[in-house]
Number of protein chains: 2
Amino acid sequence: MNPTHQPPSREAIEQFIEAGGLRLTPQRYAVMAFLMEEPVHATAEEIFEAVNRVDPRSSRATIYNSLHALVKAGRVREVAVEGRAARFDAKLDPHHHFICDQCGNVEDIPWYHLPQPEPHMLGSRRLRESELILRGLCTRCTESTY
Amino acid sequence: MNPTHQPPSREAIEQFIEAGGLRLTPQRYAVMAFLMEEPVHATAEEIFEAVNRVDPRSSRATIYNSLHALVKAGRVREVAVEGRAARFDAKLDPHHHFICDQCGNVEDIPWYHLPQPEPHMLGSRRLRESELILRGLCTRCTESTY
DNA sequence: GTATTTGCAAATCATTTGCATAAAC
DNA sequence: GTTTATGCAAATGATTTGCAAATAC
(Lines give C-alpha, C1' and ligand atoms only; values in the text may rest on other atoms or scores of the structure.)
Protein backbone atom coordinates (compact mmCIF):
# COMPACT_ATOMS: atom_id res chain seq x y z
CA MET A 1 0.00 0.00 0.00
CA ASN A 2 2.61 2.50 1.12
CA PRO A 3 5.63 2.13 -1.22
CA THR A 4 8.06 3.32 1.45
CA HIS A 5 6.62 0.98 4.06
CA GLN A 6 9.31 0.12 6.61
CA PRO A 7 8.74 -2.99 8.69
CA PRO A 8 8.68 -1.91 12.33
CA SER A 9 11.45 -3.13 14.64
CA ARG A 10 10.91 -5.74 17.32
CA GLU A 11 11.25 -3.03 19.95
CA ALA A 12 8.68 -0.83 18.25
CA ILE A 13 6.18 -3.66 18.19
CA GLU A 14 6.82 -4.56 21.80
CA GLN A 15 6.39 -0.97 22.88
CA PHE A 16 3.25 -0.65 20.81
CA ILE A 17 1.73 -3.55 22.78
CA GLU A 18 2.99 -2.55 26.20
CA ALA A 19 1.97 1.07 25.81
CA GLY A 20 -1.59 -0.24 25.83
CA GLY A 21 -1.03 -1.66 29.30
CA LEU A 22 -0.96 -5.22 28.02
CA ARG A 23 1.29 -8.07 29.00
CA LEU A 24 3.67 -9.03 26.28
CA THR A 25 3.16 -12.60 25.09
CA PRO A 26 4.61 -14.30 22.03
CA GLN A 27 1.10 -14.73 20.66
CA ARG A 28 0.20 -11.08 21.00
CA TYR A 29 3.53 -10.15 19.53
CA ALA A 30 2.91 -12.39 16.53
CA VAL A 31 -0.55 -10.94 15.92
CA MET A 32 0.60 -7.35 16.28
CA ALA A 33 3.66 -7.89 14.10
CA PHE A 34 1.56 -9.44 11.37
CA LEU A 35 -0.91 -6.56 11.41
CA MET A 36 1.85 -3.99 11.31
CA GLU A 37 3.76 -5.71 8.53
CA GLU A 38 0.80 -6.70 6.38
CA PRO A 39 -1.66 -3.84 6.16
CA VAL A 40 -4.24 -6.02 4.39
CA HIS A 41 -7.15 -5.96 6.84
CA ALA A 42 -6.99 -9.68 7.50
CA THR A 43 -9.70 -11.76 9.13
CA ALA A 44 -9.07 -13.58 12.40
CA GLU A 45 -8.82 -16.82 10.44
CA GLU A 46 -6.21 -15.38 8.07
CA ILE A 47 -4.21 -14.08 11.01
CA PHE A 48 -4.45 -17.48 12.67
CA GLU A 49 -3.06 -19.15 9.57
CA ALA A 50 -0.34 -16.61 8.88
CA VAL A 51 0.90 -16.54 12.44
CA ASN A 52 0.98 -20.30 12.80
CA ARG A 53 2.73 -20.72 9.47
CA VAL A 54 5.72 -18.96 11.04
CA ASP A 55 5.55 -20.55 14.47
CA PRO A 56 2.63 -22.82 15.31
CA ARG A 57 1.76 -22.01 18.87
CA SER A 58 -1.32 -19.86 18.77
CA SER A 59 -4.76 -21.36 19.09
CA ARG A 60 -7.75 -19.80 17.41
CA ALA A 61 -9.13 -18.76 20.79
CA THR A 62 -5.90 -16.97 21.58
CA ILE A 63 -5.96 -15.13 18.28
CA TYR A 64 -9.41 -13.84 19.18
CA ASN A 65 -8.28 -13.04 22.72
CA SER A 66 -5.26 -11.16 21.48
CA LEU A 67 -7.23 -9.23 18.92
CA HIS A 68 -9.85 -8.22 21.44
CA ALA A 69 -7.26 -7.19 23.98
CA LEU A 70 -5.49 -5.11 21.34
CA VAL A 71 -8.73 -3.53 20.17
CA LYS A 72 -9.67 -2.66 23.73
CA ALA A 73 -6.25 -1.14 24.28
CA GLY A 74 -6.69 0.98 21.17
CA ARG A 75 -3.86 -0.71 19.28
CA VAL A 76 -6.00 -2.39 16.65
CA ARG A 77 -9.13 -1.42 14.80
CA GLU A 78 -11.91 -3.88 14.02
CA VAL A 79 -14.11 -3.47 10.98
CA ALA A 80 -17.40 -5.37 10.87
CA VAL A 81 -18.52 -6.46 7.42
CA GLU A 82 -22.09 -7.64 6.87
CA GLY A 83 -22.41 -11.38 6.62
CA ARG A 84 -18.67 -11.95 6.72
CA ALA A 85 -15.84 -12.26 9.17
CA ALA A 86 -14.59 -9.07 10.78
CA ARG A 87 -11.35 -7.51 9.50
CA PHE A 88 -8.51 -6.19 11.64
CA ASP A 89 -6.14 -3.36 11.15
CA ALA A 90 -3.15 -2.01 13.12
CA LYS A 91 -4.23 1.40 14.35
CA LEU A 92 -1.41 3.50 13.01
CA ASP A 93 -2.47 6.57 11.07
CA PRO A 94 -6.04 7.81 10.81
CA HIS A 95 -7.76 6.74 7.62
CA HIS A 96 -11.14 5.79 6.23
CA HIS A 97 -12.30 2.40 5.00
CA PHE A 98 -13.63 1.23 1.69
CA ILE A 99 -15.58 -2.06 1.79
CA CYS A 100 -16.15 -3.94 -1.44
CA ASP A 101 -19.76 -4.98 -1.98
CA GLN A 102 -18.65 -7.99 -3.96
CA CYS A 103 -15.59 -9.51 -2.35
CA GLY A 104 -15.88 -7.97 1.11
CA ASN A 105 -12.29 -6.77 1.17
CA VAL A 106 -11.52 -3.71 3.23
CA GLU A 107 -9.11 -1.11 1.91
CA ASP A 108 -7.67 2.08 3.33
CA ILE A 109 -8.62 5.45 1.95
CA PRO A 110 -6.36 8.35 2.91
CA TRP A 111 -7.76 10.32 5.76
CA TYR A 112 -9.52 13.59 5.11
CA HIS A 113 -11.20 15.80 7.60
CA LEU A 114 -14.76 15.03 8.66
CA PRO A 115 -17.11 17.54 10.18
CA GLN A 116 -18.08 16.72 13.76
CA PRO A 117 -21.74 16.33 14.60
CA GLU A 118 -23.37 19.24 16.39
CA PRO A 119 -23.68 18.48 20.11
CA HIS A 120 -27.47 18.63 19.96
CA MET A 121 -27.48 15.75 17.49
CA LEU A 122 -25.83 13.53 20.06
CA GLY A 123 -28.02 14.37 23.03
CA SER A 124 -26.48 12.76 26.09
CA ARG A 125 -24.65 10.09 24.17
CA ARG A 126 -20.91 9.89 24.76
CA LEU A 127 -19.03 9.96 21.46
CA ARG A 128 -15.78 7.98 21.32
CA GLU A 129 -14.93 8.00 17.65
CA SER A 130 -16.39 8.40 14.22
CA GLU A 131 -15.44 6.77 11.00
CA LEU A 132 -16.41 7.03 7.40
CA ILE A 133 -17.28 3.83 5.56
CA LEU A 134 -17.24 3.95 1.78
CA ARG A 135 -18.88 1.16 -0.19
CA GLY A 136 -18.84 0.04 -3.76
CA LEU A 137 -16.64 -2.13 -5.93
CA CYS A 138 -12.92 -2.39 -5.37
CA THR A 139 -10.54 -2.04 -8.30
CA ARG A 140 -10.31 -5.77 -8.83
CA CYS A 141 -14.07 -6.33 -8.79
CA THR A 142 -14.72 -3.26 -10.95
CA GLU A 143 -12.40 -4.65 -13.58
CA SER A 144 -13.95 -8.12 -13.56
CA THR A 145 -17.53 -6.80 -13.89
CA TYR A 146 -18.96 -6.47 -17.37
CA MET B 1 -38.05 8.68 17.33
CA ASN B 2 -39.93 11.09 15.14
CA PRO B 3 -42.77 12.50 17.22
CA THR B 4 -44.94 13.18 14.18
CA HIS B 5 -44.25 9.72 12.76
CA GLN B 6 -47.19 8.66 10.54
CA PRO B 7 -47.54 4.95 9.89
CA PRO B 8 -47.33 4.44 6.13
CA SER B 9 -50.40 3.17 4.30
CA ARG B 10 -50.68 -0.34 2.90
CA GLU B 11 -50.40 1.10 -0.61
CA ALA B 12 -47.28 3.06 0.26
CA ILE B 13 -45.61 -0.06 1.62
CA GLU B 14 -46.60 -2.12 -1.40
CA GLN B 15 -45.29 0.52 -3.76
CA PHE B 16 -42.10 0.81 -1.77
CA ILE B 17 -41.48 -2.90 -2.33
CA GLU B 18 -42.56 -3.07 -5.95
CA ALA B 19 -40.63 0.03 -6.93
CA GLY B 20 -37.53 -2.04 -6.22
CA GLY B 21 -38.59 -4.52 -8.88
CA LEU B 22 -39.53 -7.15 -6.31
CA ARG B 23 -42.51 -9.47 -6.27
CA LEU B 24 -44.94 -8.65 -3.53
CA THR B 25 -45.33 -11.46 -1.03
CA PRO B 26 -47.04 -11.38 2.36
CA GLN B 27 -43.73 -12.11 4.01
CA ARG B 28 -41.90 -9.24 2.34
CA TYR B 29 -44.81 -7.00 3.10
CA ALA B 30 -44.69 -7.95 6.76
CA VAL B 31 -40.95 -7.32 7.00
CA MET B 32 -41.12 -3.99 5.20
CA ALA B 33 -44.14 -2.83 7.18
CA PHE B 34 -42.41 -3.65 10.43
CA LEU B 35 -39.27 -1.77 9.44
CA MET B 36 -41.25 1.27 8.34
CA GLU B 37 -43.43 1.33 11.42
CA GLU B 38 -40.75 0.57 13.98
CA PRO B 39 -37.62 2.53 13.24
CA VAL B 40 -35.66 0.67 15.90
CA HIS B 41 -32.92 -1.00 13.84
CA ALA B 42 -34.07 -4.49 14.68
CA THR B 43 -32.06 -7.67 14.19
CA ALA B 44 -33.30 -10.42 11.87
CA GLU B 45 -34.31 -12.42 14.91
CA GLU B 46 -36.35 -9.55 16.34
CA ILE B 47 -38.06 -9.06 12.99
CA PHE B 48 -38.79 -12.77 12.82
CA GLU B 49 -40.45 -12.67 16.23
CA ALA B 50 -42.38 -9.46 15.67
CA VAL B 51 -43.68 -10.48 12.27
CA ASN B 52 -44.75 -13.92 13.44
CA ARG B 53 -46.42 -12.52 16.52
CA VAL B 54 -48.89 -10.80 14.21
CA ASP B 55 -49.31 -13.61 11.70
CA PRO B 56 -47.11 -16.68 12.02
CA ARG B 57 -46.21 -17.61 8.49
CA SER B 58 -42.65 -16.47 7.95
CA SER B 59 -39.75 -18.81 8.49
CA ARG B 60 -36.41 -17.54 9.61
CA ALA B 61 -34.93 -18.34 6.21
CA THR B 62 -37.61 -16.23 4.56
CA ILE B 63 -36.93 -13.31 6.86
CA TYR B 64 -33.30 -13.43 5.76
CA ASN B 65 -34.32 -13.84 2.12
CA SER B 66 -36.68 -10.91 2.31
CA LEU B 67 -34.17 -8.71 4.04
CA HIS B 68 -31.47 -9.47 1.51
CA ALA B 69 -33.81 -8.90 -1.40
CA LEU B 70 -34.88 -5.58 0.09
CA VAL B 71 -31.29 -4.54 0.77
CA LYS B 72 -30.29 -5.42 -2.77
CA ALA B 73 -33.21 -3.42 -4.11
CA GLY B 74 -32.12 -0.42 -2.06
CA ARG B 75 -35.22 -0.47 0.15
CA VAL B 76 -33.49 -1.46 3.36
CA ARG B 77 -30.14 -0.66 4.87
CA GLU B 78 -28.08 -3.24 6.74
CA VAL B 79 -25.72 -2.22 9.52
CA ALA B 80 -23.05 -4.69 10.58
CA VAL B 81 -22.11 -4.58 14.25
CA GLU B 82 -18.93 -6.30 15.44
CA GLY B 83 -19.58 -9.59 17.15
CA ARG B 84 -23.35 -9.18 17.08
CA ALA B 85 -26.29 -9.69 14.77
CA ALA B 86 -26.73 -7.20 11.95
CA ARG B 87 -29.38 -4.48 12.28
CA PHE B 88 -31.86 -3.45 9.62
CA ASP B 89 -33.38 -0.14 8.80
CA ALA B 90 -35.99 1.01 6.25
CA LYS B 91 -34.11 3.26 3.88
CA LEU B 92 -36.26 6.36 4.08
CA ASP B 93 -34.35 9.58 4.73
CA PRO B 94 -30.59 9.85 4.71
CA HIS B 95 -29.05 9.74 8.17
CA HIS B 96 -25.98 8.60 10.03
CA HIS B 97 -25.68 5.79 12.55
CA PHE B 98 -24.55 5.73 16.12
CA ILE B 99 -23.53 2.31 17.46
CA CYS B 100 -23.32 1.78 21.19
CA ASP B 101 -20.07 0.15 22.32
CA GLN B 102 -21.83 -1.42 25.26
CA CYS B 103 -25.27 -2.63 24.21
CA GLY B 104 -24.76 -2.73 20.44
CA ASN B 105 -27.91 -0.76 19.68
CA VAL B 106 -27.94 1.31 16.53
CA GLU B 107 -29.53 4.75 16.57
CA ASP B 108 -30.15 7.37 13.92
CA ILE B 109 -28.30 10.64 13.92
CA PRO B 110 -29.78 13.39 11.77
CA TRP B 111 -28.06 13.65 8.45
CA TYR B 112 -25.50 16.34 7.85
CA HIS B 113 -23.46 16.86 4.79
CA LEU B 114 -20.25 14.90 4.35
CA PRO B 115 -17.42 15.93 2.09
CA GLN B 116 -16.89 13.55 -0.81
CA PRO B 117 -13.49 11.92 -1.25
CA GLU B 118 -11.27 13.34 -3.96
CA PRO B 119 -11.41 11.12 -7.05
CA HIS B 120 -7.71 10.34 -6.80
CA MET B 121 -8.29 8.76 -3.38
CA LEU B 122 -10.62 6.22 -4.94
CA GLY B 123 -8.47 5.19 -7.88
CA SER B 124 -10.54 2.96 -10.11
CA ARG B 125 -12.89 1.86 -7.40
CA ARG B 126 -16.57 2.43 -8.04
CA LEU B 127 -18.18 4.29 -5.12
CA ARG B 128 -21.81 3.44 -4.38
CA GLU B 129 -22.42 5.13 -1.07
CA SER B 130 -20.71 6.45 1.98
CA GLU B 131 -21.87 6.52 5.54
CA LEU B 132 -20.66 7.89 8.80
CA ILE B 133 -20.56 5.56 11.77
CA LEU B 134 -20.37 7.16 15.19
CA ARG B 135 -19.42 5.07 18.18
CA GLY B 136 -19.56 5.52 21.90
CA LEU B 137 -22.14 5.03 24.63
CA CYS B 138 -25.84 5.54 23.99
CA THR B 139 -27.89 7.62 26.39
CA ARG B 140 -29.07 4.61 28.35
CA CYS B 141 -25.59 3.14 28.74
CA THR B 142 -24.06 6.53 29.54
CA GLU B 143 -26.53 6.95 32.38
CA SER B 144 -25.95 3.49 33.82
CA THR B 145 -22.14 3.87 33.83
CA TYR B 146 -20.52 5.21 37.01
C1' DG C 1 -47.65 -21.77 -17.18
C1' DT C 2 -43.20 -20.16 -15.74
C1' DA C 3 -40.18 -18.04 -12.77
C1' DT C 4 -39.68 -16.98 -7.98
C1' DT C 5 -40.35 -17.50 -3.34
C1' DT C 6 -41.30 -20.14 0.68
C1' DG C 7 -40.70 -23.55 4.74
C1' DC C 8 -38.15 -26.87 6.80
C1' DA C 9 -34.37 -28.81 9.02
C1' DA C 10 -29.74 -29.57 8.56
C1' DA C 11 -25.27 -27.43 7.58
C1' DT C 12 -21.92 -23.95 7.82
C1' DC C 13 -19.31 -20.13 9.41
C1' DA C 14 -17.59 -16.93 12.93
C1' DT C 15 -16.87 -16.39 17.44
C1' DT C 16 -17.10 -17.50 22.45
C1' DT C 17 -16.80 -20.37 26.62
C1' DG C 18 -15.07 -23.25 30.53
C1' DC C 19 -11.52 -25.02 32.67
C1' DA C 20 -6.98 -26.99 33.69
C1' DT C 21 -2.13 -25.71 32.58
C1' DA C 22 1.46 -22.40 31.57
C1' DA C 23 3.67 -18.09 31.37
C1' DA C 24 4.25 -12.95 32.50
C1' DC C 25 5.61 -9.78 35.77
C1' DG D 1 3.76 -15.83 44.21
C1' DT D 2 -0.08 -13.81 42.06
C1' DT D 3 -2.43 -12.52 38.24
C1' DT D 4 -3.35 -13.03 33.61
C1' DA D 5 -3.05 -15.58 29.24
C1' DT D 6 -3.14 -19.86 26.72
C1' DG D 7 -4.85 -24.34 24.47
C1' DC D 8 -8.25 -27.36 23.75
C1' DA D 9 -12.49 -28.97 22.34
C1' DA D 10 -17.14 -28.26 22.86
C1' DA D 11 -20.94 -24.80 22.71
C1' DT D 12 -23.26 -20.94 20.94
C1' DG D 13 -25.09 -17.55 17.77
C1' DA D 14 -25.96 -15.87 13.25
C1' DT D 15 -26.75 -16.90 8.84
C1' DT D 16 -27.00 -19.93 4.69
C1' DT D 17 -28.22 -24.01 2.04
C1' DG D 18 -30.79 -27.62 -0.58
C1' DC D 19 -34.80 -29.03 -2.21
C1' DA D 20 -39.77 -30.06 -2.74
C1' DA D 21 -44.14 -27.60 -2.40
C1' DA D 22 -46.58 -23.22 -2.88
C1' DT D 23 -47.39 -18.71 -4.84
C1' DA D 24 -46.85 -14.34 -7.72
C1' DC D 25 -47.48 -12.58 -11.96
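Scope of the values below: all heavy atoms of this structure, side chains included, with no hydrogens, waters or symmetry mates. To find a chain, count down the sequence lines: A is the first, B the second, and so on, and within it residues start at 1.
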Answer with base, sugar-phosphate or nothing: what part of the nucleic acid does [X] contact at a heavy-atom distance below 4.0 Å?
{"X": "B/Gln27", "value": "sugar-phosphate"}
{"X": "A/Arg84", "value": "nothing"}
{"X": "A/Thr43", "value": "nothing"}
{"X": "A/Ala86", "value": "sugar-phosphate"}

- So which one's nearest nucleotide on DNA chain C is more toward 5', B/Gly83 or B/Ser58?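 Nearer the 5' end of the strand: B/Ser58.
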Nearest-angstrom distance from the residue atom [atom1] of [X] to [atom2] of [N]:
{"X": "B/Ile17", "N": "D/dA24", "atom1": "CD1", "atom2": "C1'", "value": "13 Å"}
{"X": "A/Glu14", "N": "C/dC25", "atom1": "CD", "atom2": "C1'", "value": "14 Å"}
{"X": "B/Asn65", "N": "C/dA9", "atom1": "CG", "atom2": "P", "value": "16 Å"}
{"X": "A/Leu24", "N": "D/dT4", "atom1": "CG", "atom2": "C1'", "value": "13 Å"}
{"X": "B/Lys72", "N": "C/dT4", "atom1": "NZ", "atom2": "C1'", "value": "13 Å"}
{"X": "A/Arg28", "N": "C/dA24", "atom1": "CZ", "atom2": "C1'", "value": "10 Å"}
{"X": "A/Leu67", "N": "D/dT6", "atom1": "CG", "atom2": "C1'", "value": "14 Å"}
{"X": "B/Phe48", "N": "C/dT6", "atom1": "CZ", "atom2": "P", "value": "14 Å"}

Measuring from the side chain of [X] (C-beta onward, heavy atoms only), which nucleotide among [options] has the closest atom?
{"X": "B/Pro26", "options": "C/dC8, D/dA24, D/dT15", "answer": "D/dA24"}
{"X": "A/Arg23", "options": "D/dT4, C/dT15, C/dT16", "answer": "D/dT4"}
{"X": "A/Ala61", "options": "D/dA9, D/dT15, C/dT6", "answer": "D/dA9"}
{"X": "A/Ala85", "options": "C/dA14, D/dC8, C/dT6", "answer": "C/dA14"}

Is the phosphate of [N], meaning OP1 or OP2, less than 4.0 Å from a side-chain N or O of [X]?
{"X": "A/Arg60", "N": "D/dC8", "result": "no"}
{"X": "A/Tyr64", "N": "C/dT15", "result": "yes"}
{"X": "A/Thr25", "N": "D/dT6", "result": "yes"}
{"X": "A/His68", "N": "C/dT15", "result": "no"}

- Message: Donor-acceptor pair, distance only, cut-off 3.5 Å: does the side chain of A/His96 make one with the backbone of A/Tyr112?
- Response: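 A pair under 3.5 Å: yes.
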- For B/Asn105 and B/Arg140, test the side chains for any donor-to-acceptor distance below 3.5 angstrom and give the result as yes or no. no
- Message: Can you confirm whether B/Met32 sits close enough to B/Val76 that some side-chain heavy atom of one is under 4.5 Å from a side-chain heavy atom of the other?
- Response: yes
- Does some side-chain heavy atom of A/Leu22 sit less than 4.5 Å from a side-chain heavy atom of A/Arg28?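 In contact.
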- Ring-face cation of B/Arg77 near B/Phe88 (centre distance under 6.0 Å, axis angle within 45°):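 No, B/Arg77 does not sit over the ring of B/Phe88.
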- Are A/Val81 and B/Ile99 co-members of a hydrophobic cluster defined by side-chain heavy atoms under 4.5 Å apart? yes
